Novice: 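I have a structure I would like to understand better, so I am pasting it below and will then ask my questions one at a time.
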Amino acid sequence: ASEITPNLSNLQNTKFGDWYFYQVPSNYYMPKIYPAKKLIFGYPSQKQTQALTILNSEEVMVNAQDSIFKQIPGIEKLSSQVILASNSQDEELNNFLNSLPILDIRLTSRDLSKVEFQLDVLKDGLFEPVLEKYKLSDFGIDKTKNLEVVVDGKEESWSVGKETDTYLFFKPIKLLEGRHQITLKLENKNLVALGGNFEGELTFKQIGEGIFEIIQDDQGKYLSIFNKKKTPPDPSADFTIIPFDPLGHYLIQLRYRHIYGNLGNLVILQGNKDTLVKAQAESLPSYPDWNTFSFYFSPVATASELKITLLAPHIEDPLGTRILYDDLAVYKVFTNKLLFLNRAEEQFLSTPKVEFKKLSPVSYEVNVENGNSPHMLVFSENYSPDWELTVTGPAGEKLDISPLHFSANVYANAWYLSNTPAGYKAKIFYKPQRLFWMGLTIASGALVITAFVFLKSLSSAKTKRGIV
């Protein structure tokens, strides 16, 4: 797992076994109800959740397609925007993992020496490129230096403006309306140290009874594994992948030839000395000539090691099995996000002082000061149109104000208010709760009436028996 950030490591903590629990002060997170200062449109709208972590405490993300939100005068000109660029390596990874396990997508060679990003800009403007900085050094990217990129075929050098725990914010660049492509070259090293092409020192471990040979021809050296046994265990060449990041994703690629016998197998084993966390086996189809086979592996996110095993499986045939292997490679997939942030020059929202009191899980009382300018209140509870905000004046009178209600930060509720007095009170209430109390009242009343009628009829019956 990645190391904890310095901001959190200095907090008071308690250890329980191998776990540390940190006490986070209230000023580290936003309150349940707060005023928003800046609004940001997220694009594409269906991927807004991936851009939320770019926001600071003053900013709120809203859906640009929300018809209610668009009723605010001049909102599109007054709001900032953040665009998530598509990542070619991340998209191919997800397409592979979500596809059927067919050979067509495995019998191919893949190149992870560069990543291409694409984005659509809706209007001309200055945009800050924002790059997720997790493990950038694994790809040869030095965050202390300028980032060399190619934008729409032209080379550019981006300099860092600021840095957070998660992102590098580069200085703004000019982007015109339309589609843009950014290419980033990577130093993506083969994690099969030295032995993947069998040209240098052998770094694999020989397992089982078989004949292992390094053969050389006019094209170079390769590994031959011959298995004449008819029963397991099968001979294999085992490689340990170093370094291994269980939070990453990997491309495994090799060339092979099936000479005769059973089909070649490649097995990935993730685990430690005591536990096997994940295993994935790939059967290599029969090809007498050299062929390339590649696929993606998504590990379980837990501390562990990764091993790759090349096998020559046994067969009943007296000739046995012989498989040739070459150019085994393991590359890390570059899944880091690249976003482009365009900040609005004007800010039209005020930030009044807001205090609130929780009356129940479905009812909150809010007190607002300096609220006579347009402002927005964010309520961090799952969005529902059934959450209602009503406004009362200083004397408790209900004001004829109908705030616009829409979703914010993908999940939360937000209300846009204007024409409010400087000081006012508001109540946030979940409307279906009224129906519950109404139903409970009716049911209770019916129960009381039923009991009264029953007791009266019982008393009347006793009286008649006494008369008789």
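Model, not experiment: these values are computed from the prediction.
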Novice: Applying ring-ring contact (aromatic ring centres under 6.0 Å, His included) as the test, list every pair that has at least one member in residues 44-66; sequence neighbours left out.
Specialist: none

Novice: Lys425: which residues meet the salt bridge (Lys or Arg N to Asp or Glu O under 4.0 Å) condition with it, sequence neighbours left out?
Specialist: none

Novice: Is it the case that the side chain of Asn272 and the backbone of Glu305 share a donor-acceptor pair, with hydrogens and angles ignored and the cut-off at 3.5 Å?
Specialist: no

Novice: Just grab all the salt bridge (Lys or Arg N to Asp or Glu O under 4.0 Å) pairs involving residues 396-409, residues at least two apart or on different chains.
Specialist: none

Novice: Has the side chain of Asn413 got a donor or acceptor atom that lies under 3.5 Å from a matching backbone atom of Glu381?
Specialist: yes

Novice: Indicate the atoms forming the closest heavy-atom contact of Leu263 with Pro285, along with that distance.
Specialist: CD2-C, 4.2 Å

Novice: Apply side chain to side chain contact (heavy atoms under 4.5 Å, CB included) to the pair Leu175 and Asn342, showing each step before the final yes or no.
Specialist: CA-CA 10 Å; Leu175 289 177; Asn342 170 252; over 6 Å; no

Novice: Heavy-atom count check: over 12 atoms from other residues, nucleotides or ligands less than 6.0 Å from Lys70 NZ?
Specialist: yes

Novice: Measure the spacing between CD1 of Ile401 and OG of Ser418 and express it to the nearest 0.5 Å.
Specialist: 8.0 Å

Novice: Let me confirm one number: the NZ-OG distance from Lys38 to Ser79, rounded to the nearest 0.5 Å.
Specialist: 12.5 Å

Novice: Would you indicate whether the side-chain heavy atoms of Asp238 and Phe204 approach each other to under 4.5 Å?
Specialist: no

Novice: Quick check on Phe21: does its CZ atom have over 12 non-hydrogen neighbours (other residues, nucleotides or ligands) under 6.0 Å away?
Specialist: yes

Novice: With a 4.0 Å cut-off, would you call Glu59 and Arg343 a salt bridge?
Specialist: yes

Novice: Could you tell me which residues satisfy salt bridge (Lys or Arg N to Asp or Glu O under 4.0 Å) with Glu116, sequence neighbours excluded, listed by chain and number?
Specialist: Lys114

Novice: Compare all side-chain heavy atoms of Tyr134 with those of Leu247 and state whether any distance is below 4.5 angstrom.
Specialist: yes

Novice: Between Ile40 and Ile54, is any pair of side-chain heavy atoms under 4.5 Å apart?
Specialist: no

Novice: Restricting to side chain to side chain donor-acceptor pair (under 3.5 Å), what partner residues turn up for Thr420, sequence neighbours left out?
Specialist: none

Novice: Mind checking whether Trp158 and Phe170 have parallel, tilted or perpendicular rings, split at 30° and 60°?
Specialist: tilted

Novice: For a 4.5 angstrom cut-off between non-hydrogen side-chain atoms, does Glu369 reach Pro352?
Specialist: no

Novice: So Thr164 and Phe169, side chain to side chain contact (heavy atoms under 4.5 Å, CB included) or not? Walk me through it.
Specialist: CA-CA 8 Å; Thr164 66; Phe169 288 75; 3.8 Å; yes

Novice: Could you tell me whether the side chain of Ser350 and the main chain of Pro374 form a donor-acceptor pair under 3.5 Å?
Specialist: yes

Novice: Does atom CD (Gln46) have a neighbourhood of more than 12 heavy atoms from anything else shown, all under 6.0 Å?
Specialist: yes

Novice: Report the distance from atom NE2 of His249 to atom NZ of Lys332, rounding to the nearest 0.5 Å.
Specialist: 9.5 Å

Novice: For Arg255, what residues pass the salt bridge (Lys or Arg N to Asp or Glu O under 4.0 Å) criterion, not counting sequence neighbours?
Specialist: Asp326, Asp327

Novice: When you compare the side chain of Leu191 with that of Tyr331, does any pair of heavy atoms fall below 4.5 Å?
Specialist: no

Novice: Let's go through Leu184 and Ile141 carefully: what are the C-alpha distance in whole Å and the side-chain angles of both, what is the deciding distance for side chain to side chain contact (heavy atoms under 4.5 Å, CB included) to 0.1 Å, and is it a yes or a no?
Specialist: CA-CA 10 Å; Leu184 175 60; Ile141 299 175; 3.9 Å; yes

Novice: If only side-chain N and O atoms count, and only distance matters, is there a donor-acceptor pair under 3.5 Å linking Tyr167 with Thr53?
Specialist: yes

Novice: Tell me the salt bridge (Lys or Arg N to Asp or Glu O under 4.0 Å) pairs involving residues 91-101, sequence neighbours left out?
Specialist: Glu92-Arg110

Novice: Side chain to side chain donor-acceptor pair (under 3.5 Å) with Asn98: which residues, sequence neighbours excluded?
Specialist: none

Novice: Check whether any side-chain heavy atom of Leu266 lies under 4.5 Å from a side-chain heavy atom of Phe295, and answer yes or no.
Specialist: yes

Novice: Is the NZ atom of Lys32 crowded by more than 12 outside heavy atoms at less than 6.0 Å?
Specialist: yes

Novice: What is the minimum heavy-atom distance between Gln50 and Leu84, and which atoms define it?
Specialist: OE1-CD2, 3.6 Å

Novice: Say you draw a straight line from CG of Leu103 to OG1 of Thr108; how long is it, rounded to the nearest 0.5 Å?
Specialist: 12.5 Å

Novice: My understanding is that only residues two or more places apart in sequence, or in another chain, count here; which of them pass salt bridge (Lys or Arg N to Asp or Glu O under 4.0 Å) with Lys337?
Specialist: Glu132

Novice: Please report the closest heavy-atom contact between Val82 and Met61, naming both atoms and the distance.
Specialist: CG1-CE, 3.5 Å

Novice: Measure up the His405 and Tyr383 rings against each other and bin them: parallel (under 30°), tilted (30 to 60°), perpendicular (over 60°).
Specialist: tilted

Novice: Okay, side chain of Thr275, backbone of Val277: is any donor-acceptor separation there less than 3.5 Å?
Specialist: no

Novice: Is Ile68 close to Tyr416 at the side-chain level, that is, under 4.5 Å between some pair of heavy atoms?
Specialist: no

Novice: Are a donor atom and an acceptor atom from the side chains of Asn188 and Ser113 found within less than 3.5 Å of each other?
Specialist: no

Novice: If only atom types and distance count, is the side chain of Asn190 paired as donor or acceptor with the main-chain N or O of Leu328 below 3.5 Å?
Specialist: yes

Novice: On the 0 to 90° scale, with breaks at 30° and 60°, tag the Tyr430-Trp387 ring pair as parallel, tilted or perpendicular.
Specialist: tilted

Novice: Just checking Tyr325 against Tyr256, ring centres under 6.0 Å apart?
Specialist: no

Novice: Could you work out, with ring-ring contact (aromatic ring centres under 6.0 Å, His included) as the rule, every residue matching Phe69, not counting sequence neighbours?
Specialist: Phe41, Phe406

Novice: Would you confirm whether Ser80, through its side chain, and Ala344, through its main-chain N or O, come within 3.5 Å as a donor-acceptor pair?
Specialist: yes

Novice: Give every residue pair that meets the side-chain hydrogen bond (donor to acceptor under 3.5 Å, both in side chains) criterion with at least one member in residues 172-182, sequence neighbours excluded.
Specialist: Gln118-Gln181, Asp120-Arg179, Asp152-His180

Novice: What pairs with Gln48 under side chain to side chain donor-acceptor pair (under 3.5 Å), at least two apart in sequence or on another chain?
Specialist: none

Novice: Given side chain to side chain contact (heavy atoms under 4.5 Å, CB included), test Leu338 with Asn87 step by step and report yes or no.
Specialist: CA-CA 8 Å; Leu338 178 64; Asn87 176 325; over 6 Å; no

Novice: What is the distance from atom CD1 of Ile182 to atom CG of Leu147, rounded to the nearest 0.5 Å?
Specialist: 11.0 Å

Novice: With rounding to the nearest 0.5 Å, note down the distance linking OG in Ser304 to CG in Leu276.
Specialist: 10.0 Å

Novice: Look at the side chain of Asn372 and the backbone N and O of Gly423, then say whether any donor-acceptor pair between them is shorter than 3.5 Å.
Specialist: no

Novice: NZ of Lys133: more than 12 outside heavy atoms within 6.0 angstrom?
Specialist: yes

Novice: State, yes or no, whether a side-chain contact exists between Gln89 and Leu112 at a heavy-atom distance under 4.5 Å.
Specialist: yes

Novice: What is the minimum heavy-atom distance between Ala414 and Ala408, and which atoms define it?
Specialist: CB-CB, 3.7 Å

